[in-house]
Amino acid sequence: MSSSRLGRDFYARDTLEVARELLGQRLVRVIDGERLSGLIVETEAYIGEEDRACHASHGRTPRTEVMYGPPGQAYIYFIYGMYHCLNVVTDRVGFPAAVLIRGIQPQEGIEYMRRNRGFRREGELTNGPGKLCQALTIDRSLNALDLCQSDLLFIEETAEVDPGGIEVTPRIGIRADEMAKRRPWRFLLGDKA
DNA sequence: TATACGATCACCT
DNA sequence: GGTGATCGTATAC
């Protein structure tokens with residue numbers, strides 16, 4: 001299999017483009033030499049300090065520092081006392097933006113994922129940002145990892161997705177002002193929703 | 001030091 | 001439909 005990994009140029013673009021084009025690409029996690037993977041089916045964009053739903057809306061802090069760094073790095077945060085969420089840093093150095101990976105469709109290592117997730121049905125393994133991190137053993141030890149270089153976590157290019165099959169909606173689960181809540185910055189593969 | 005809360009999920013009715 | 005779990009952050013004192 002000669003899948004090519006997405007490189008820096010892919011991530012170093014407008015965040016909405018990256019969020020949209022990540023759909024259908026393959027997220028890969030390698031643990032003890034075993035490949036775990038799934039096709040990305042849901043993303044959300046978080047863009048800049050002006051975006052009140054973005055963690056960087058309160059400026060640069062130790063937690064948000066990664067978002068200000070080079071595109072292609074993982075931004076992983078801990079939330080609600082028990083879950084992790086995986087983002088990919090986008091755009092340019094100095095501008096805080098990232099794409100939250102909200103859902104994948106499992107491909108490789110499904111049994112591993114089922115063990116991690118308490119042996120649930122396949123459809124319940126990775127259909128949420130906290131769930132997919134649990135399934136793939138992704139936590140803050142991987143924060144700031146370079147997805148363009150690491151052999152532990154990266155994204156592979158797949159055949160291009162039909163743009164007509166993409167659904168666009170407002171972001172969900174956020175507490176922010178009305179303007180931020182209305183922005184259509186969530187992307188899903190149509191046949192998934 | 002103390003406190004309020006969150007880019008969630010599972011389980012309940 | 002609603003709510004509790006559980007702790008790192010940010011912010012206030």
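As a basis for the values below, the full set of heavy atoms in this structure was taken, side chains included, without hydrogen atoms, waters or symmetry mates.
Residue contacts shown for A/R52 are absent, as no nucleic acid heavy atom lies under 4.0 Å away. Within 4.0 Å of A/R171, counting heavy atoms only, lies no atom of the nucleic acid at all.
The side chain of A/H55 places no N or O atom within less than 4.0 Å of a non-bridging phosphate oxygen (OP1 or OP2) of C/dT9. In this model, the phosphate group of B/dA7 is not approached by any side-chain N or O of A/R186 to a distance below 4.0 Å at OP1 or OP2. The phosphate of B/dT8 (OP1 or OP2) has a side-chain N or O of A/R102 nearer than 4.0 angstrom.
By the 6.0 Å contact criterion, CZ on A/R13 is enclosed, its count of non-hydrogen atoms from other residues, nucleotides or ligands being greater than 12.
Taking the centre and axis of the six-membered ring of A/F154, the NZ or CZ atom of A/R26 falls outside the cone set by 45° and 6.0 Å.
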Just the dot-bracket of DNA chain C, please: which string comes out with Watson-Crick or G-U pairs under 3.5 Å, [ ] for crossing, | for another strand?
-> |||||.||||||.

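For the contact set between residues 85-101 of chain A and DNA chain C, defined by any heavy atom under 4.0 Å, there are no members.
Ring pair A/Y77/A/H55 is perpendicular by interplanar angle, where above 60° counts as perpendicular and below 30° as parallel.
For B/dA7, the base has a donor-acceptor partner in the side chain of A/Y77 [N/O atoms by modelled type, under 3.5 angstrom].
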Tell me, with the steps shown, if A/E49 and A/S57 meet side chain to side chain donor-acceptor pair (under 3.5 Å).
-> CA-CA 4 Å; A/E49 296 178 349; A/S57 61; over 6 Å; no

